[in-house]
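Following: one structure in structure tokens, then a few remarks.
Chain letters run A, B, ... following the sequence lines, proteins first and then strands; every chain starts at 1. Keep in mind that the numbers below use all heavy atoms, side chains included, and drop hydrogens, waters and symmetry copies.
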Amino acid sequence: DAKTTQPPSMDCAEGRAANLPCNHSTISGNEYVYWYRQIHSQGPQYIIHGLKNNETNEMASLIITEDRKSSTLILPHATLRDTAVYYCIALNTGGFKTIFGAGTRLFVKA
Amino acid sequence: NAGVMQNPRHLVRRRGQEARLRCSPMKGHSHVYWYRQLPEEGLKFMVYLQKENIIDESGMPKERFSAEFPKEGPSILRIQQVVRGDSAAYFCASSPKGPLNAKNIQYFGAGTRLSVL
């Protein structure tokens, strides 16, 4: 599975959009991009995933570049409860060893 | 619809004792995954089980660690003769179908925090 790189931390003002980048320049054609987050002392929570098209659900939007080498997770209106570590993961169909790197620690400030 | 249930939430053991961590997957889920998280680190895959079968245990230490997912009852992660280095948070996840399904989403429990004195 492709390795992903993310900035170690980011700040966001409450109510503003949080844009979390992820680089996955070695991603292969059958690898999906998954995003999970882990709020302090809790288990990871699935957010969204996609292959090459942009995706949106009730939690977030996922923008994947045309060459699929990078993506951005967008939380449209961040709240204090969105403070967490966000993990970007590349995983192919059939893959199950979800590799959680260091992630991005997002701080949402009032 | 209850989520993935793990118990106990906190477990304290002395060196040399056994630790048993339990995981009840979400209703209808037959695939279970165990992960370990050391302080300030990401989760590391340990083992993947489907009812009564170990599919992949490549992330699990060869000695002292074992896992099972019986036909009836929860999945159990067992650590024998615990050492201080086993202190960590252990997370269980479940999925309704195997990794070949299109969504391949894992649903995580709240974890068991093991402290070895």
Practice problem: Let me know if B:Y35 has heavy atoms under 4.5 Å from chain A in its side chain, its backbone, both or neither. | Solution: side chain
Practice problem: Give a yes or no on whether A:Y32 and A:Y46 share a hydrophobic cluster (residues Ile, Leu, Val, Met, Phe, Trp, Tyr; joining criterion: side-chain heavy atoms under 4.5 Å apart). | Solution: yes
Self-check item: Side-chain heavy-atom pair A:Q38, B:L43 within 4.5 angstrom cut-off
Solution: yes
Quiz item: Same cluster for A:M59 and A:Y86 if Ile/Leu/Val/Met/Phe/Trp/Tyr side chains link at under 4.5 Å?
Solution: yes
Practice problem: Step through the shown structure and confirm whether more than 12 heavy atoms of other residues, nucleotides or ligands are within 6.0 Å of NZ on A:K52. | Solution: no
Quiz item: Nearest 0.5 Å, what's the CG-CD1 distance between A:L91 and B:I105?
Solution: 11.5 Å
Practice problem: Among residues two or more places apart or on two chains, list those pairs meeting disulfide bond (SG atoms under 2.5 Å apart) that have a residue in residues 4-46 of chain B. | Solution: B:C23-B:C92
Only pairs under 3.5 Å count here: list side-chain donor-acceptor contacts from residues 75-83 of chain A, not counting sequence neighbours, and write none if there are none.
residue, atom, partner, partner atom, Å
A:T79, OG1, A:R81, N, 3.3
A:T79, OG1, A:D82, OD2, 3.4
A:D82, OD1, A:R37, NH1, 2.8
A:D82, OD2, A:T79, N, 2.8
A:T83, OG1, A:L80, O, 3.2
A:T83, OG1, A:V108, N, 3.0

Quiz item: What's the verdict on side-chain contact (heavy atoms from CB on, under 4.5 Å) for B:F91 and A:Q42, showing C-alpha distance, side-chain angles and the deciding distance?
Solution: CA-CA 9 Å; B:F91 291 96; A:Q42 298 182 23; over 6 Å; no
Quiz item: Which pair of non-hydrogen atoms, one from B:Q106 and one from A:Y36, has the smallest distance, and what is that distance?
Solution: N-OH, 3.1 Å
